[in-house]
Amino acid sequence: MPYQRITLTHFLLQEQRRLGGTGSFTGLMTDIIFACKMISREVNQGALSGNLGKAGTENVQGEEQKTLDILSNEIFMHMNAIGGAYAGMASEEMEDVRPVHSAVDGKYLLLFDPLDGSSNIDVNISVGTIFSILRLPEGASTIAEAAFLQKGVKQIAAGYAIYGSSTMLVLTTGNGVNGFTLDQSIGMFMLTHPNMTIPTDTQEFAINASRSRHWEPPVRRYVDECLAGTEGPRGKNFNMRWVASMVAEVHRILCRGGVFMYPADAENQAKGGKLRLMYEANPMAFIIEQAGGAASTGRGRILDIPPTKLHQRVPVILGSRNEVTRIAGYHAEYDAGRV
Ligand SMILES: O=P(O)(O)OC[C@H]1O[C@](O)(COP(=O)(O)O)[C@@H](O)[C@@H]1O
Ligand SMILES: [Mg+2]
Ligand SMILES: [Mg+2]
């Protein structure tokens with residue numbers, strides 16, 4: 001059989017031709033690809049690099065930063081500033097947005113979580129990088145936070161890199177979801193997972209059960225029914241997973257289905273939840289929906305949320321469509337006082 005694998009760059013060029021683009025999109029993706037390869041190397045080096053452990057500083061979320069959080073942020077900032085496609089960038093690890101080029105040159109805005117799953121870095125469990133690309137709003141003269149506060153439906157592309165047993169990059173440009181595996185021997189991402197789609201049903205859920213005492217009744221009801229298995233109202237057994245790296249959970253769901261939940265609960269309600277809308281929930285929701293799944297807060301579609309703050313947090317329930325719909329239905333029944 002003739003060799004048929006294509007590289008991510010070839011794939012992007014084909015996408016560009018299909019979209020009748022100018023090539024600037026391929027350019028900005030090339031910068032992201034370089035940055036992810038460099039972060040992959042730093043992560044894969046593990047203790048050899050001396051980059052494990054805490055940095056001794058806190059980010060705007062009040063979370064302890066890991067040395068690799070900061071290094072990944074610097075790599076992503078630097079590599080994506082070179083190309084010239086971005087007018088501005090925003091990151092989980094930076095309080096304010098960072099203008100990069102004058103509005104004349106840069107047509108795009110980049111939001112990213114440079115290292116997702118930070119609590120797993122030192123224990124060699126998969127981590128990743130999440131990114132979301134928006135257009136600079138027409139007429140925007142200054143690069144300020146307001147320019148970034150666009151609904152998730154406005155994303156022109158979103159993706160993540162996962163640094164696990166292999167390094168992969170998963171991408172959507174609004175035309176389905178494709179996965180690419182880094183061939184370390186030639187340093188190229190090759191198309192290995194074309195048109196990733198999520199089964200509508202599943203028997204696998206992921207939630208941090210150590211927080212169950214804080215859960216709202218709709219979430220507790222859903223999880224209890226799953227745990228009741230064949231004897232319960234669902235009439236089937238469910239398995240549970242919790243990696244504590246959102247990237248790894250979403251990747252598993254893209255590969256074999258499932259539902260991931262990080263709801264707002266009594267403990268994190270005041271903050272709006274745990275995960276951040278602009279560089280975690282929105283890009284992942286775009287990918288999940290493009291793969292045939294659904295992404296909700298339990299009370300609404302994530303991609304329709306009008307953002308108010310750069311680092312705002314939201315409840316996240318995403319994955320196999322029928323399970324997400326069921327969980328949203330349990331919230332609606334609860335809010336209507338029917339249960
Ligand atoms: O510590 P918990 O409650 O298990 O939370 C894990 C969640 O927090 C995160 O690690 C937050 O992301 P960061 O590591 O980028 O801060 C998610 O990847 C993950 O789903
Ligand atoms: Mg994260
Ligand atoms: Mg992070």
Side-chain angles (χ1 to χ4, degrees), residues 35-36 39-40 42-43 51-55 57-77 89-95 110-132 158-164 170 205-215 219 223 240-254 258-269 271-285 287-288 295 297 302 310-319:
C36 290
I39 297 171
S40 169
E42 296 299 334
V43 169
N51 286 328
L52 296 185
K54 298 175 182 152
T57 49
E58 273 190 10
N59 65 17
V60 62
Q61 341 265 338
E63 292 162 347
E64 259 184 342
Q65 290 176 305
K66 297 288 178 81
T67 306
L68 275 168
D69 280 324
I70 295 175
L71 180 58
S72 306
N73 190 60
E74 284 165 7
I75 290 172
F76 222 73
M77 285 293 299
M89 296 192 210
S91 162
E92 177 196 4
E93 303 303 337
M94 301 185 311
E95 179 152 9
L110 175 64
L111 298 112
F112 58 96
D113 176 354
L115 212 65
D116 179 65
S118 303
S119 66
N120 284 325
I121 295 172
D122 299 346
V123 291
N124 204 0
I125 294 174
S126 299
V127 293
T129 296
I130 310 172
F131 59 89
S132 167
Y160 62 80
I162 178 165
Y163 314 117
V170 172
F205 69 97
I207 192 168
N208 182 341
S210 71
R211 303 182 66 83
S212 62
R213 66 190 180 284
H214 303 307
W215 290 341
V219 173
V223 174
M240 193 196 129
R241 289 283 182 272
W242 187 251
V243 185
S245 286
M246 185 188 193
V247 166
E249 318 275 7
V250 167
H251 193 68
R252 183 188 63 245
I253 289 171
L254 278 171
V259 61
F260 166 80
M261 296 174 274
Y262 213 120
D265 59 37
E267 194 271 335
N268 66 23
Q269 185 71 54
K271 291 187 288 184
K274 159 96 180 191
L275 300 171
R276 283 55 60 121
L277 175 63
M278 299 308 290
Y279 41 79
E280 290 173 322
N282 268 341
M284 292 308 205
I287 292 167
I288 290 286
T297 63
I302 286 175
L310 187 61
H311 300 288
Q312 76 185 82
R313 301 170 190 256
V314 292
V316 174
I317 294 165
L318 56 75

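Just so you know, ligand 1 is whichever comes first in the structure, and atom 1 is the first atom listed for that ligand.
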**Fill in**
Closest non-hydrogen contact found for N73 with M94 is ND2-CG, 3.5 Å
**Message:** With respect to V247, determine whether any N or O atom, backbone or side chain, lies less than 3.5 Å from an N or O atom of ligand 1.
**Reply:** no
**Prompt:** Is the F205-W242 ring centre distance short of 6.0 angstrom?
**Reply:** no
**Request:** Please determine if W242 has a nitrogen or oxygen closer than 3.5 Å to a nitrogen or oxygen of ligand 1.
**Result:** yes
**Message:** I'd like to check the side chain to side chain contact (heavy atoms under 4.5 Å, CB included) partners of Q312; sequence neighbours left out, ordered by chain and number.
**Reply:** L277, I305, P307, T308, K309, V314
**Request:** Can you sort out the partners of P315 under side chain to side chain contact (heavy atoms under 4.5 Å, CB included), two or more places apart, ordered by chain and number?
**Result:** A264, T297
Show the atom names and distances, to 0.1 Å, of all donor-acceptor pairs under 3.5 Å that link a side chain in residues 123-132 to residues at least two apart or in another chain.
residue: T129; atom: OG1; partner: P114; partner atom: O; Å: 2.6
residue: T129; atom: OG1; partner: Y163; partner atom: OH; Å: 2.7
residue: S132; atom: OG; partner: Q155; partner atom: OE1; Å: 2.8

**Message:** Under 4.0 Å, heavy-atom basis, I'd like to know which part of R276 is in contact with ligand 1: side chain, backbone, both or neither.
**Reply:** side chain
**Minimum-distance pair of heavy atoms, taken over all atoms of T67 and K54** = OG1-O, 3.5 Å
**Item:** atom 2 (P) of ligand 1 - nearest protein heavy atom and its distance
**Value:** N208 ND2, 3.7 Å
**Asked** Side chain, backbone, both or neither: which part of S118 comes within less than 4.0 Å of ligand 1 when only heavy atoms are counted?
**Response** both
**Of all N/O/S atoms in E280, the name of the one nearest the Mg ion (ligand 2)** = OE2
**Request:** May I ask you to determine how many protein N/O/S atoms are under 2.8 Å from the Mg ion (ligand 3)?
**Result:** 3
**Prompt:** Is there a side-chain contact between M246 and L275, using heavy atoms and a 4.5 Å cut-off?
**Reply:** yes
**Message:** Looking at ligand 1, is there an atom of it that comes within less than 4.0 Å of some heavy atom belonging to E249?
**Reply:** no
**Request:** For residues L111 and M278, report the shortest heavy-atom separation together with the two atoms involved.
**Result:** CD2-CB, 3.8 Å
**Message:** Contact between ligand 1 and K274 is defined here as a heavy atom of the residue under 4.0 Å from a ligand atom; is it met?
**Reply:** yes
**Asked** Which residue owns the protein heavy atom closest to atom 20 (O) of ligand 1, what's the atom, and how far is it?
**Response** M246 N, 3.3 Å
**Request:** Over all heavy atoms of both residues, which pair between A244 and S119 is shortest? Give the atoms and the distance, please.
**Result:** O-OG, 4.0 Å
**Request:** For atom 19 (C) of ligand 1, state which one of A206, A244, A209 supplies the nearest heavy atom.
**Result:** A244
**Request:** Compute the shortest N/O to N/O distance between G117 and ligand 1 and return yes if it is under 3.5 Å, no if not.
**Result:** yes
**Request:** Determine whether any heavy atom of L115 lies closer than 4.0 Å to an atom of ligand 1.
**Result:** yes
**Asked** What protein heavy atom sits nearest atom 15 (O) of ligand 1, and how far away is it?
**Response** D113 OD2, 2.9 Å
**Request:** Could you see which bit of Q61 sits under 4.0 Å from ligand 1, with heavy atoms only: side chain, backbone, both or neither?
**Result:** neither
**Request:** Report the C-alpha separation of Q65 and E93 in whole Å, then their side-chain angles, then the decisive distance to 0.1 Å, and conclude whether the side-chain hydrogen bond (donor to acceptor under 3.5 Å, both in side chains) test is met.
**Result:** CA-CA 8 Å; Q65 290 176 305; E93 303 303 337; 2.8 Å; yes
**Prompt:** E63 and K271: salt bridge (Lys or Arg N to Asp or Glu O under 4.0 Å), yes or no, with the steps?
**Reply:** CA-CA 13 Å; E63 292 162 347; K271 291 187 288 184; over 6 Å; no
**Prompt:** Any donor and acceptor pair, going by atom type alone, linking the side chain of D116 with main-chain N or O of E280 inside 3.5 Å?
**Reply:** no
**Asked** Taking all non-hydrogen atoms of both residues, which atom of M284 and which atom of V250 are closest, and how far apart?
**Response** SD-CG1, 3.9 Å
**Asked** In terms of ring plane angle, is the pair F112 and F76 parallel, tilted or perpendicular, where the classes change at 30° and 60°?
**Response** tilted
**Prompt:** Does even one non-hydrogen atom of R211 get within less than 4.0 Å of ligand 1?
**Reply:** no
**Message:** Under 3.5 Å between any N/O of S119 and any N/O of ligand 1: does that happen in this structure?
**Reply:** no
**Message:** Suppose we measure from atom 5 (O) of ligand 1 to each protein heavy atom; which comes out shortest, and what is that distance?
**Reply:** Y262 CE1, 3.5 Å
